[in-house]
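Read through the structure below, which is laid out as structure tokens, and then see the notes.
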Amino acid sequence: MNLQALIEDIRQETLPFYDQGKVADYIPALASVRPRQFGFAIQTLDGRQYACGDADVAFSIQSISKAFMLALTLQADGEELWRHVGKEPSGNPFNSLVQLEYEHGIPRNPFINAGALVVTDRAIGHFGDAHSHLLAWLRAESGNAALSADETIAASEREHGDRNAALAHFMKSYGNLIQPVETVLNQYFHNCSIAMSCRELARAGLFLANHGASPQTGRHYLTRSQAKQVNAVMLTCGTYDAAGEFAYRVGLPVKSGVGGGLLAVIPGKMSIAVWSPQLDARGNSVLGLEALDRFTTATGLSIF
Ligand code: GLU
């Protein structure tokens, strides 16, 4: 199948969905993104890349950073990590506080904000500056040594980060956060603010399609079993409370972010990054979901 022609067709088919969603504005610096943009990039295990649209435009990866942070923390923490954070879908919005109280400060999964804060806390315990550790990894795998956080977005997140601060303090009261709250928040916001293009993101996520080892740098990040775990949590928890709809329509492990990006993994074959900043009511990219649905339907490349 001609993948380049296919993704260009998909782009044309999804453009009519512009303006059905809304750019995230609860982080003011994100609201200034030009809404009508769409990028698609595929990176295959045998070293090919296919891309179209705005695949070279850098965007805020936001919660997609949580998938990479989970991987690097799992690598260091092993099974111990799962004593501090669960692996079940939450059924609640990504920044919800209520469930945490019932569940004694143990977040449901590593992809809701509370869970990502715990993962960041544990990563700091292992690496000190977890953000720099993550950046070094992403730079090596994306092939862009200049990759960095967007300081304007990080500052905007901090300024409007009362809910994340509340989550962090709450978990600290249960003893499930070790580092100072300010340190954890600062690193978390910087991770979310990393700017990457679809091409870079698809390359950086390729290890997840290859049982935890990067075909690009030869580095082994995760065991086969850990790579399976990260993909499974992406499938069940990676797209806020729309994971059921994504499994139904796309059928792949996917992690989304409120910047409008989506990272999808086809184990044994390729990684895909799609980006379009207008979001649906559940916080996922409208065009991104449409595009991935069309891609797996046309190719038959879903895990089901
Ligand atoms: N930095 C965002 C927040 O903490 C991440 C949201 C997201 O992409 O899900 O609110």
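All figures in this text were calculated on a predicted structure; none of them were measured in a lab. Just so you know, ligand 1 is whichever comes first in the structure, and atom 1 is the first atom listed for that ligand.
By the 3.5 Å distance cut-off applied to N or O atoms, Ile27 is not counted among the residues near ligand 1.
The pair Arg48-Asp46 counts as a salt bridge, with a side-chain nitrogen and a carboxylate oxygen less than 4.0 angstrom apart. For Glu151 and Arg158, the salt-bridge test fails: no basic side-chain N is under 4.0 Å from an acidic carboxylate O.
Thr217 and Glu141 share a side-chain donor-acceptor pair at under 3.5 Å. Checking Arg199 against Gln49 by side-chain atom types alone, a donor-acceptor pair falls below 3.5 Å.
Among protein heavy atoms, atom 1 (N) of ligand 1 sits closest to Glu157 OE1, 2.5 Å. For atom 4 (O) of ligand 1, the nearest protein heavy atom (residue, atom name, distance) is Tyr188 OH, 2.6 Å. From the protein, the heavy atom lying nearest to atom 5 (C) of ligand 1 is Gln62 OE1, 3.2 Å.
The ligand atoms of ligand 1 that sit less than 4.0 angstrom from a heavy atom of Asn113 are 3 (C), 4 (O), 10 (O). Taking every non-hydrogen atom of Asn164 and a distance limit under 4.0 Å, the qualifying atoms of ligand 1 come out as 3 (C), 4 (O), 10 (O). Residue Gly257 approaches ligand 1 through these ligand atoms, each under 4.0 Å from one of its heavy atoms: 8 (O). Every atom of ligand 1 is numbered from 1 in the order shown, and the set under 4.0 Å from a heavy atom of Cys192 is 1 (N). Those atoms of ligand 1 with a heavy atom of Tyr240 less than 4.0 angstrom away are 7 (C), 8 (O), 9 (O). Within ligand 1, the atoms closer than 4.0 Å to a non-hydrogen atom of Val258 are 6 (C), 7 (C), 8 (O), 9 (O), numbered from 1 in the order shown. Heavy-atom proximity to Tyr26, at under 4.0 Å, picks out these atoms of ligand 1: 2 (C), 3 (C), 5 (C), 6 (C), 10 (O).
Taking the six-membered ring for Trp and thresholds of 30 and 60 degrees, Trp137 and Phe68 have ring planes more than 60 degrees apart, a perpendicular arrangement. Ring geometry for Phe40 against Phe38 counts as tilted: the plane angle lies between 30° and 60°, on a 0 to 90° scale.
In Ile64, neither the side chain nor the backbone holds a heavy atom less than 4.0 Å from any atom of ligand 1. Proximity of Ser63 to ligand 1, defined as any heavy-atom pair under 4.0 Å, is shared by backbone and side chain alike.
Seen from the ring of Tyr240, Lys66 does not count as a face-on cation partner, given the 6.0 Å and 45° thresholds.
Residue Lys228 qualifies as open at atom NZ: its count of foreign heavy atoms under 6.0 Å is 12 or below.
Of all heavy-atom pairs between Leu147 and Glu200, the closest is CD1-OE1, 3.4 Å.
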